[in-house]
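For clarity, every value in this text was computed on a predicted model and none was experimentally measured.
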Amino acid sequence: MSVFSELSSAPKDPILGMTELFNADTAADKVNLGVGVYLDVTGKVPSLQCVRQVESQLAATVRPRGYLPMDGMPGFNTVVRDLVFGADSPAVQAGRVVSVQALGGTGALRLGAGMLTLASPDAPVLLSDPSWENHALLFTRAGFSLGQYRYYDPVGRCVDVEGMVEDLAAAQPGSIVVLHACCHNPTGYDLTPAEWDRVVDVLVARGLVPFVDLAYQGFSVGVEEDRYVVSRLAETGIPFLVANSFSKTFALYGERVGAIHLGCTDAAEAARVLSQVKLVVRAIYSNPPTHGAAIVSTVLADAELRAGWEQEVAVMRDRIIETRLAFRAGLEAAGVTDDLSHVTTQTGLFSYSGLSVAQMERLRNEFHVYGLDSGRLCIAAINPTNIDRVIAAVADVIKSEA
């Protein structure tokens, strides 16, 4: 009898499983819009100029590859903290922010979940409806029970701000609330600054614990603008967490570069929190890798490289916007009479298309265009070589059910 004999087969990951289906498809003209990756006009993951420049510098200097501290590269933690909060943030100036290098955005979320199991193991975790699929898996595997708050309004095709505020106002005090700072995954619908102000007021009044997922800083409006909710939370003085990632904005997917930030009530609490998060790291992977963090920290610490990086992020952001405009215009030219304003209203990599499961299955089976059953399409995977095919396929499945 094997110790594993009673284990059943796990269901495929809804995102990575779709990639497996795509890879198994032998059609020459297949298109993968299920992937959560920014691709350039050639359909490839870009290699940023600032990254290439720093890698050349690193390659020219032979350095020992010893272990990093448990909390990661000190210079990395400092510049990333300042990117996420702003160097002039009162919370940073007061020493209330703990920043720790993590294994990408997912690793940052997992470290945060590990800290919350120590601090508040019985608190429910509230996710937006809908949310990134891995949020549910991550927090349930960390031992938390899950709930939801209203977010997407399928009729109005917008954020259900009133429903969101109402649900948070009724939440159990101490509940952990996972928030998408910008480029909401999977819907692409974001809150305005004024709407964030309302949400933050409720979080404070109700005694909730915000956990912000900041995976796309710079892909919505701009690097500073996209951290608005973080700045607002830092002003309140309440404890909160932020997980950020450089997979998309530096195109360093495989390097797993990210950080977890814990906003504390004072510097003394921050010192205690840092001591505990180090033990969480030690118990999972001991210490993080060096290469990706060295790239990011070098770029962000150098004014010229930092400016170049922000420009490259702007180029990626603008390409997504232009692709949205072209996609909408193409669908309208193909005879789709539905209101398509959501395509250009949404921000970031993804579009919550409103297509049904049956329509998404038709896209895969008849047209070899792959997206998630939820209707999520990766706009950043559309490029000049495949856009006409994508438009024709999507227009066909929409018009056939009109």
Side-chain angles (χ1 to χ4, degrees), residues 50 71-102 105 108-109 112 179-183 190-201 203-204 209-250 257-267 269-271 273-274 277 293 295-314 316-317 347-348:
C50 63
D71 56 334
M73 190 176 293
F76 172 87
N77 291 335
T78 298
V79 294
V80 173
R81 178 201 65 198
D82 292 349
L83 176 73
V84 170
F85 286 79
D88 57 351
S89 166
V92 171
Q93 295 296 320
R96 294 193 287 111
V97 178
V98 173
S99 295
V100 172
Q101 183 183 339
L109 288 164
L179 303 165
H180 300 237
C182 64
C183 304
D190 291 344
L191 279 74
T192 66
E195 290 166 346
W196 273 125
D197 290 342
R198 291 186 62 192
V199 169
V200 170
D201 288 345
L203 295 169
V204 174
V209 181
F211 195 156
V212 180
D213 191 347
L214 180 58
Y216 308 100
Q217 186 178 1
F219 269 25
S220 179
V221 180
V223 170
E224 290 192 13
E225 293 88 343
D226 291 353
R227 70 182 185 211
Y228 181 82
V229 66
V230 177
S231 299
R232 283 288 290 111
L233 289 170
E235 291 171 359
T236 68
I238 65 171
F240 69 101
L241 301 88
V242 183
N244 82 293
S245 167
F246 295 105
S247 294
K248 277 76 175 178
T249 56
F250 269 78
V257 191
I260 181 68
H261 311 270
L262 304 101
C264 304
T265 56
D266 55 40
E269 182 177 88
V273 166
L274 177 59
V277 75
I295 293 171
V296 171
S297 61
T298 301
V299 170
L300 295 181
D302 182 281
E304 184 176 347
L305 288 171
R306 164 73 179 265
W309 168 70
E310 291 199 25
Q311 180 58 39
E312 291 189 87
V313 170
M316 292 189 282
R317 181 175 67 243
T347 66

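Nearest heavy atoms, Cys182 versus Leu214: SG-CD1, 4.2 Å. Between Asn77 and Asp71, the shortest heavy-atom distance links the atoms ND2-O, 2.9 Å. The two residues Ala181 and Val212 make their nearest non-hydrogen contact at CB-CG1, 3.6 Å. Considering all non-hydrogen atoms of both residues, Asp266 and Arg96 come closest at CA-CG, 3.7 Å. In plain terms, the two heavy atoms of Gly218 and Arg317 that are nearest each other are O-NH1, 2.6 Å. Summarising the geometry of Phe250 relative to Cys50, their closest heavy-atom pair is CE2-SG, 4.4 Å, with the distance given to 0.1 Å.
Applying the salt bridge (charged side-chain N to carboxylate O under 4.0 Å, His left out) rule to Asp197 yields the partners Arg232; only residues at least two apart in sequence or on another chain are considered. Not counting sequence neighbours, Arg81 has no partner by the salt bridge (charged side-chain N to carboxylate O under 4.0 Å, His left out) test.
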For residues 83-95, dump all side-chain donor-acceptor pairs below 3.5 Å to protein atoms at least two apart in sequence or in another chain.
{"residue": "Ser89", "atom": "OG", "partner": "Ala91", "partner atom": "N", "Å": "3.3"}
{"residue": "Gln93", "atom": "NE2", "partner": "Ala87", "partner atom": "O", "Å": "2.7"}

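Considering only heavy atoms from C-beta on, Pro239 comes within 4.5 Å of Thr265 through its side chain. By the 4.5 Å heavy-atom criterion applied to side chains, Val79 and Val299 are not counted as neighbours. Val296 is listed as a side-chain neighbour of Leu300, based on a closest heavy-atom distance under 4.5 Å. Taking the side chain as every heavy atom from C-beta outward, Leu241 and Val209 approach each other to under 4.5 Å. Taking the side chain as every heavy atom from C-beta outward, Ser99 and Val80 never approach each other to under 4.5 Å. You'll find the side chain of Trp309 reaches within 4.5 Å of the side chain of Val223, heavy atoms only. By the 4.5 Å heavy-atom criterion applied to side chains, Phe219 and Thr347 are not counted as neighbours.
Here the straight-line distance linking atom CG of Leu233 with atom OH of Tyr228 works out to 10.5 Å at 0.5 Å rounding. Taking CH2 from Trp196 and OG from Ser231, the interatomic distance works out to 12.0 Å, rounded to the nearest 0.5 Å.
For Asp190 (side chain) and Cys183 (main-chain N/O), a donor-acceptor pair under 3.5 Å exists by modelled atom type.
When each of Leu109, Leu179, Leu262 is checked for a side chain to side chain contact (heavy atoms under 4.5 Å, CB included) with Phe211, only Leu109 meets the rule. Partner of Pro210 under the side chain to side chain contact (heavy atoms under 4.5 Å, CB included) criterion, chosen from Val200, Val230, Leu203: Leu203.
Other residues, nucleotides and ligands place no more than 12 heavy atoms under 6.0 Å from the CD atom of Glu224.
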